[in-house]
Amino acid sequence: MGVQLSGLFEPKVVEFKELAGKRIAIDAYNALYQFLSIIRQPTGEPLMDRDGNVTSHLSGLLYRNANLLEYGVLPVYVFDGAPPELKKGVVEGRVDTRLKAEERWKEALARGDLEEARIQAQASARLSRGILEDAKRLLGYMGIPVVQAPSEGEAQAAYMAGEKAVWAVGSQDFDSLLFGAPRLVRNITITGKRKLPRKNIYVNIVPELFDSETVLSDLGITREQLIDLSILVGTDYNPGGVEGIGPKKAYKIIRETGGIDVAVEKGLVRGFDYEPIKAFFMNPPVTDDYELSWKAPDEEGVVDFLCGERDFTESRVRKALEKIRAGIEKGRSQFSLDGWL
DNA sequence: CACTATAG
DNA sequence: CTATAGTGG
């Protein structure tokens, strides 16, 4: 989910070629959820091999990474570690929400309501152990770096961007800005036309760049104040936020008071235990134990896994691998190698 | 999501 | 060339 700050600041629309030669730390869970919810049949059923293993995410990873590499963008996938104590309740709540969505999916299917079935199926997507293992396996064969975060992947990715190990964080959520990422790119794993949920409207999705310095100076606040603002709106660690406060009101309060502490003192919001949340955003668990060097894809490894074990069509997989090879060649000749090699 | 085929 | 329908696994 992440913090809902949409509308507070404007993105800079970017083209993929502007990201050429850059490493982007992608929040793996965020990307996998996206693939698992979107890559489905009209009935809502995900793609599966003959044994019933879900393969939607493998399809998404293969083709999306082939496109990114073709553009000279090197993705680095950052996987979540143990969820922080602060998040326990939210995690359990989400499992429950997804199980309920699964029920509604089956019900909708039984009465032949395909539209509703698909909506509920999308909301029911969950990451199983096998799904995560398969994703890491495929990325390994593709030579794409995988980083294991000690806790929140978003925090680890933000840290790596701050250290200039990667150029930006790739995620749909704004949390990485709270964790101190200098840049955030949204819509890097979803592009093209997308149907708005529950509406018959299609919008064109393009990559959006948020530069932290620009965002903060436009708002006239500091990162710490953005964290305060977000806590008022609601984060993964205090879902719902303070009752009756949305992004606009929260912004006004922070601008007028300078911070949650003063806002509470002045009685603008009731007191609550926001300090641990603030401390977590300011100083989350991260690690320096990661390896970002790109390796040439093990093409036969990819083919053996996807075609031999997961029923992919070999010609399609080979075509994606060819794209990757072309991207690597282009990268070698056009970009300085230290950018992503 | 992306691929493939097909129609305009 | 773009748009859309159907499929992929």
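Each chain gets a letter, A, B and so on, in the order its sequence line appears, and its residues count up from 1.
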*Asks:* In residues 46-67 of chain A, which ones come under 4.0 Å of DNA chain C, going by heavy atoms?
*Replies:*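 Those residues whose heavy atoms fall under 4.0 Å from DNA chain C, taken from residues 46-67 of chain A in numerical order, are A/Pro46, A/Leu47, A/Met48, A/Thr55, A/Ser59.
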
*Asks:* Check the distance between C/dG9's P and A/Phe35's CZ and give it to me in whole angstrom.
*Replies:*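 Taking atom P of C/dG9 as the reference, CZ of A/Phe35 is at 16 Å.
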
*Asks:* Counting distance only, does the side-chain N/O of A/Gln156 pair as donor-acceptor with the main-chain N or O of A/Pro150 below 3.5 Å?
*Replies:*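 Not at all, since once roles are kept as given, no pair shorter than 3.5 Å links the two residues.
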
*Asks:* Output the distance between atom OG1 (A/Thr55) and atom CG (A/Asp134), rounded to the nearest 0.5 Å.
*Replies:*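 So the gap between those two atoms works out to 9.0 Å.
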
*Asks:* Check the distance between C/dG8's P and A/Glu314's CD and give it to me in whole angstrom.
*Replies:*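 For the pair A/Glu314 CD and C/dG8 P, the rounded distance is 17 Å.
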
*Asks:* If the cut-off is 4.0 Å, is A/Lys319 near the phosphate of B/dT4, judged by side-chain N/O to OP1 or OP2?
*Replies:*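 Yes, within the criterion.
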
*Asks:* Going by ring pair (Phe, Tyr, Trp, His ring centres under 6.0 Å), name the residues that satisfy it together with A/Tyr237, two or more places apart in sequence or in a different chain.
*Replies:*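 Listed in chain order: A/Phe280, A/Phe281.
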
*Asks:* Which residue pairs pass the ring pair (Phe, Tyr, Trp, His ring centres under 6.0 Å) test with at least one member in residues 72-110 of chain A, sequence neighbours excluded?
*Replies:*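 Found none.
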
*Asks:* What class does the angle between the rings of A/Phe9 and A/Phe174 fall in, given that below 30° is parallel, 30 to 60° is tilted and above 60° is perpendicular?
*Replies:*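 Taking A/Phe174 first and then A/Phe9, their aromatic rings stand perpendicular (interplane angle over 60°).
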
*Asks:* Identify the pairs formed between an N or O of the protein and an N or O of nucleotides 5-7 of chain C at a distance under 3.5 Å, and give each distance.
*Replies:*
none

*Asks:* Rounded to the Å, how far apart are A/Gln34 CD and B/dA2 C1'?
*Replies:*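 It works out to 15 Å between those atoms.
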
*Asks:* Going through the checks in order, is the salt bridge (Lys or Arg N to Asp or Glu O under 4.0 Å) test met by A/Glu300 and A/Arg318?
*Replies:* CA-CA 10 Å; A/Glu300 291 320 300; A/Arg318 296 250 179 230; 3.1 Å; yes

*Asks:* For A/Ile38 and C/dG8, what is the distance between atoms CD1 and C1' respectively, to the nearest whole Å?
*Replies:*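 It works out to 16 Å between those atoms.
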
*Asks:* Within this structure, what is the CZ-to-P distance between A/Phe312 and B/dA2, rounded to whole angstrom?
*Replies:*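 Atom-to-atom, A/Phe312 to B/dA2, this comes out as 14 Å.
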
*Asks:* Side-chain donor-acceptor pairs under 3.5 Å in residues 159-168 of chain A, sequence neighbours left out?
*Replies:*
residue  : atom : partner  : partner atom : Å
A/Tyr159 : OH   : A/Asp288 : OD1          : 2.6
A/Tyr159 : OH   : A/Asp288 : OD2          : 3.3

*Asks:* Take the protein atom CG of A/Leu306 and the nucleotide atom P of B/dA2, then report the distance between them rounded to whole Å.
*Replies:*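 Nearest whole value for this atom pair: 16 Å.
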
*Asks:* Nearest whole angstrom, please: distance from the P of B/dC3 to the CZ of A/Arg318.
*Replies:*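 The answer, rounded to whole Å, is 17 Å.
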
*Asks:* In whole angstrom, give the distance that lies between atom CG of A/Leu36 and atom P of B/dA2.
*Replies:*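 After rounding, the gap between these two atoms is 15 Å.
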
*Asks:* Distance under 6.0 Å and angle within 45° of the ring axis: does A/Arg64 meet both against A/Phe35?
*Replies:*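 No, cation not above the ring by the 6.0 Å, 45° rule.
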
*Asks:* Kindly state each residue pair satisfying side-chain hydrogen bond (donor to acceptor under 3.5 Å, both in side chains) with at least one member in residues 88-102 of chain A, sequence neighbours excluded.
*Replies:*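 Residue pairs with at least one partner in residues 88-102 of chain A: A/Tyr33-A/Arg98, A/Glu85-A/Lys88, A/Arg94-A/Asp236, A/Asp96-A/Lys100.
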
